[in-house]
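This one's a predicted model, so the numbers in the text were calculated from it and none came from an experiment. Lettering follows sequence order; numbering is per chain, from 1.
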2 protein chains.
Amino acid sequence: MTGIRAAARKEISAEIKRLARVQIASKGAANLSLREIAREMQMASSAMYRYFDSRDQLLTELIVENYDNIADSVEKADAKCARDDIRSRWMAMAESLRTWALRHPSDYGLIFGTPVPGYAAPPDTVDPGRRYTNVLLRLLVDAHVAGYVATVDIPPAKGFVKEYKHVQSNLGISLPDEMLLAGLAAWAAMFGAISFELFGHVDQVFVNPGTHYSALAHMLGEQLLGISN
Amino acid sequence: MTGIRAAARKEISAEIKRLARVQIASKGAANLSLREIAREMQMASSAMYRYFDSRDQLLTELIVENYDNIADSVEKADAKCARDDIRSRWMAMAESLRTWALRHPSDYGLIFGTPVPGYAAPPDTVDPGRRYTNVLLRLLVDAHVAGYVATVDIPPAKGFVKEYKHVQSNLGISLPDEMLLAGLAAWAAMFGAISFELFGHVDQVFVNPGTHYSALAHMLGEQLLGISN
DNA sequence: ACGTTATTGTGAGCAGTGCTCACAATAACG
DNA sequence: CGTTATTGTGAGCACTGCTCACAATAACGT
């Protein structure tokens, strides 16, 4: 019954990942050491390679898990709100993003930090990597259907309409360009703000970054998405 | 006359940094190797430590240079515009940010990527790290003085006004909170967008990221900063 | 139930890393 | 011109990722 070994494999893989996360949180991904993990597990360092092809592959698997975790978090926050309460949903997901990031700073850093040059995400990492964004996209669609109109101007730049046709198709949605532009702008602002905070670029600026962040989310919801209530 | 040695020191330091940048661009900061640099320079690896206390210190010096470079770039772009042409100045600095980042992706990644956990920026790195943001702040002040009004709403959250008093004081400016909030939002959005693009999070979304970026800058200038022309 | 096969763990070993240190050469300075 | 401080050297330490031949053993087919 393909049992004892498969079970052990699961446990050991999980323990390796757990210890890897601990190390990354305290020393950074660059200083993650498979040998140290092996030592902590009282195993030979070479045994690690029975579970992960390489250090990089371990990191990749952690990244995929992180994508799933942040998506879970945002989806859950969104799901708690009444479907037609667009404004609350936006605020909930914005807050959940930052909350997750603050609770798991090194996990956030692993996802949204500098990748290795030339790094091509393995095919099975791209789907999880889109989940968290899909939550936003569903919100935009719902907002549009509910009659909200993004109060932004499409710029007169040639090529914009064409580009956004591609974007809509790539994202598998169909929205007014205004709404999509507003949504992507708000999205970029939230992640920009979180990265600034987590990566230490505004330490000397804010006393309570959360206050600013909430104001940002509120203001962008009103001003860009047009979901003022 | 304290000559031959001081001159050599400058040259060698510069060459080390140059080779370090090449390595970082091709293999990432995590894989930067002092020994490899020494090999390329036909020197003993221990000689590197006559010029830099450690690998981390080399990286820190590169970061400071990068801060200076991006600030130079933004300042120069801004300086090319008529002082009273707020809108052009905003667009010029937004574009120059992305242009610089695309031209020096690994340098951008070094600055805005995940820092080592617990990393405390050495005192002499914090000033250069503010220069590029000061360009934005000066623009906001000029816009305010010129009579532009940010068309955004301050959220009714308790604590916001107090927080923003601190922010204004920390940044050494005095602006309507609306303008400051709008400015920081736009700033976060631009950096969020650039990081998304450079770190590979929107590869499957955009065909011409630049088109979207310009639209973003244009739209945020109009919609948030109120500098529609 | 038994023999074959595939999986797991081992320890030695290779090539690489950052960094230190005693030492020699030499430019800079009083 | 002699002393001092700076620069470069090579050996060496402790560490890393990763490979490989080998032994133990769970899983599977007959």
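The nucleotide C:dA25 finds its pairing partner in D:dT6, both defining distances of the Watson-Crick or G-U wobble pair being shorter than 3.5 Å. Under the Watson-Crick or G-U wobble criterion, with both distances below 3.5 Å, D:dT19 is paired with C:dA12. With a 3.5 Å ceiling on both atom-pair distances, the Watson-Crick or G-U wobble partner of C:dG30 is D:dC1. For C:dC2, the paired nucleotide is D:dG29, the pair qualifying as Watson-Crick or G-U wobble because both relevant distances are below 3.5 Å.
In this pair, A:His212 and A:Phe206 present their aromatic rings parallel. The plane angle is below 30°, not in the 30 to 60° band. Classified by interplanar angle (parallel below 30°, tilted 30° to 60°, perpendicular above 60°), the ring pair A:His104/A:Trp100 is tilted. In this structure, B:Phe112 and B:Tyr67 have perpendicular ring planes: the angle between them is above 60°, well past the 30° mark.
Put simply, the side chain of B:Arg55 and the base of C:dG18 share no donor and acceptor less than 3.5 Å apart. On a pure distance criterion of 3.5 Å, a polar donor-acceptor pair joins the side chain of A:Arg5 and the base of C:dT7.
B:Ile12 comes within 4.0 angstrom of the backbone, heavy atoms only, and of no base. Contact annotation for A:Ser45: base contact, defined as any heavy-atom pair under 4.0 Å involving a base atom.
Between A:Arg50 and A:Asp56, it is A:Asp56 whose nearest contact on DNA chain D lies nearer the 5' terminus.
Within residues 21-44 of chain B, the residues having any heavy atom under 4.0 Å from DNA chain D are, by residue number, B:Arg35, B:Met43, B:Ala44.
Atom CG of A:Leu224 is separated from atom CG of B:Leu220 by 6.5 Å, given to the nearest 0.5 angstrom.
OP1 or OP2 of D:dG8 lies within a sub-4.0 Å distance of a side-chain N or O belonging to B:Tyr51. In terms of phosphate contacts, A:Arg9 brings a side-chain nitrogen or oxygen within less than 4.0 Å of OP1 or OP2 of C:dT8.
Atoms CD1 (B:Ile4) and C1' (C:dC29) sit 16 Å apart, rounded to a whole Å. Note: OH (B:Tyr49) to C1' (D:dC13) measures 13 Å, nearest angstrom. In this entry the distance linking CG of B:Asp53 with C1' of C:dG18 reads 13 Å, nearest Å.
Residues B:Ser73 and B:Tyr132 bring no donor and acceptor atom of their side chains to less than 3.5 Å of each other. Of the N and O atoms on the side chains of B:Tyr108 and B:Ser195, at least one donor lies less than 3.5 Å from an acceptor on the other residue.
Taking a cutoff of 4.0 Å between a charged side-chain nitrogen and a carboxylate oxygen, A:Arg138 and A:Asp78 do not qualify as a salt bridge.
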